[in-house]
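Data first, discussion second: the structure below is written as structure tokens.
Protein chains get the first letters and strands the later ones, always in sequence-line order, with residue 1 at the start of each. Just so it is clear, the structure is predicted and the values come from calculations on it, not from any experiment.
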Amino acid sequence: MTEREFDTGPLDDLFAAARAAPPALPPALAARMLADAGRVLDERQAPRPAMPGWRAQLAEAIGGWFGVGGLAAACAAGLWIGLAPPAGLPDPVGLFGQSQTSYDLFQGSDLALALSEDG
Amino acid sequence: MAAPARIIEAPDDSSVRGDEEAALLAAFASGDRQAAAQLTARLGPRTFGLALRLLGDRAEAEDVAQEAMLRLWRIAPDWRHGEARVSTWLYRVTLNLVTDRRRRSRGRMAALDEVAEPADPAPGAARRMLDAQRHDALQVALMQLPERQREAVVLRHIEELANPEIAGIMEISTEAVESLTARGKRALAAILAGQRAELGYDDD
């Protein structure tokens, strides 16, 4: 064997001595290792914040539940005004279908007659 | 039919240890803190010992050992039984962390060299001698080996692992492990012989 080409006696003694006296784990290091282990367990056992659903994400985008409430109120008011308009506002339901109505802006007077009178 | 006369071989100590460690890791993964204490007691010294032998520096070895164990805690829930032994996995992680650290410190040293030449070499030399006195002769000799030889020699002759396991840890072939340990041992013997001569230990 090539390993026997040199005297391994002293080296083997040193290896044996090293094996017989392995370095002790420093107590402070052991404590740090255990603390890490505890932290890893704590992190895993802590309830993980659930990924918010699409409704929650949408609400967040609009401005929280307060924003959603405002939006809902505005929508309800719009619908209400549309269906039962207060006095002074044209009734959209009544207007519907009247787009073909013609109005006589000159109240019967003839434009051609008016121009000729001016001559 | 005659009953088979073969005696079922008792599993060797190391495989029993490996099974126990895997069981402890599973217990830890399911929230058993006591298992963490047992794993630290079993694997902590080996991790720290390997890091210390490879780095030759206590503070750095402590950092590496803590990081290696942290990675073990993190992987515990995903640990697949029967694929690798816990200690083998931990040795490999430790080895990789040591390599990373050495690579980074080499980069830092190079950067320092570019910045300034030490004005007086005496303090450095004195500190080196003091450091050398603190370490045993084997450690001083180990630090003079090329990295891969040092890793193979430490795993083989101090951690007493079998060559196939070392091959798995170092991610090389068994033949490569044999070659590294043989060359490493020869180099160590030469270094130690030189040291003995230098220190006047030769008695004649």
Side-chain angles (χ1 to χ4, degrees), chain A residues 1-69 71, chain B residues 28-33 35-37 39-41 43-53 58 61-63 65-77 136-139 141-142 153-154 156-160 178-179 181-193 196 201:
Chain A
M1 286 293 284
T2 50
E3 289 201 17
R4 292 289 155 202
E5 282 171 7
F6 56 92
D7 179 17
T8 57
L11 188 54
D12 287 338
D13 289 348
L14 284 173
F15 285 143
R19 285 196 298 267
L25 187 63
L29 175 58
R32 287 204 299 276
M33 287 173 171
L34 272 179
D36 283 346
R39 204 173 311 124
V40 167
L41 273 189
D42 288 343
E43 279 168 17
R44 203 175 321 128
Q45 286 166 351
R48 195 175 295 182
M51 178 72 187
W54 67 269
R55 283 187 195 83
Q57 287 187 43
L58 182 67
E60 198 54 43
I62 293 171
W65 288 111
F66 193 74
V68 173
L71 189 66
Chain B
F28 169 73
S30 58
D32 181 355
R33 276 157 211 261
L39 282 169
T40 302
L43 300 170
R46 277 193 269 168
T47 309
F48 173 62
L50 178 63
L52 186 56
R53 281 294 177 193
R58 286 191 81 84
E62 289 199 12
D63 284 353
Q66 188 181 353
E67 175 65 27
M69 290 300 283
L70 177 60
R71 293 189 184 190
L72 181 67
W73 307 138
R74 291 225 174 101
I75 204 169
D136 55 301
L138 177 60
Q139 187 62 43
L142 277 172
V153 165
V154 168
R156 181 78 192 89
H157 294 287
I158 297 181
E159 300 301 322
E160 287 193 292
E178 285 165 5
S179 160
T181 45
R183 277 185 287 153
K185 268 188 96 172
R186 209 173 303 140
L188 273 182
I191 293 164
L192 288 166
R196 288 173 69 85
Y201 286 158

Closest non-hydrogen atom pair between B:Arg58 and A:Ala24, with its separation: NH2-O, 4.5 Å
Working to the nearest 0.5 angstrom, can you tell me the gap between A:Leu34 CG and B:Gln66 CD? 10.5 Å
Is there a side-chain contact (heavy atoms from CB on, under 4.5 Å) between B:Leu188 and A:Phe15? Walk through the geometry before answering. CA-CA 11 Å; B:Leu188 273 182; A:Phe15 285 143; 3.8 Å; yes
Contact origin within B:Ala65 toward chain A - heavy atom pairs under 4.5 Å: both
From the list B:Ala41, B:Pro77, B:Ala29, the residue making the most non-hydrogen contacts under 4.5 Å with chain A is B:Pro77
Do B:Arg53 and A:Pro23 come within less than 4.5 Å of each other through their side chains, counting heavy atoms only? no
Looking at B:Arg33 and A:Ala37, would you say the former's side chain and the latter's main chain have a donor-acceptor pair under 3.5 Å? no
The interface call for A:Ala30 against chain B, heavy-atom contacts under 4.5 Å, is both
Side chain from CB out, backbone as N, CA, C, O: work out which of these in B:Arg183 comes under 4.5 Å of a heavy atom of chain A, or both, or neither. neither
Scan the side chains in residues 69-76 of chain B for donor-acceptor partners under 3.5 Å anywhere in the protein, sequence neighbours excluded, and list what turns up.
residue, atom, partner, partner atom, Å
B:Arg71, NE, B:Glu67, OE2, 2.9
B:Arg71, NH2, B:Glu67, OE2, 3.4
B:Trp73, NE1, A:Met33, O, 3.1

Beyond-backbone contact of A:Leu25 with B:Thr40, side-chain heavy atoms, under 4.5 angstrom: yes
Validation row: A:Leu11, B:Leu138 side chains within 4.5 angstrom (heavy atoms): yes
With salt bridge (charged side-chain N to carboxylate O under 4.0 Å, His left out) as the rule and sequence neighbours excluded, what pairs involving residues 13-22 of chain A come up? A:Arg19-B:Glu160
Looking at every non-hydrogen atom in both residues, tell me the closest pair between A:Leu41 and B:Phe28 and how far apart they are. CD2-O, 3.4 Å
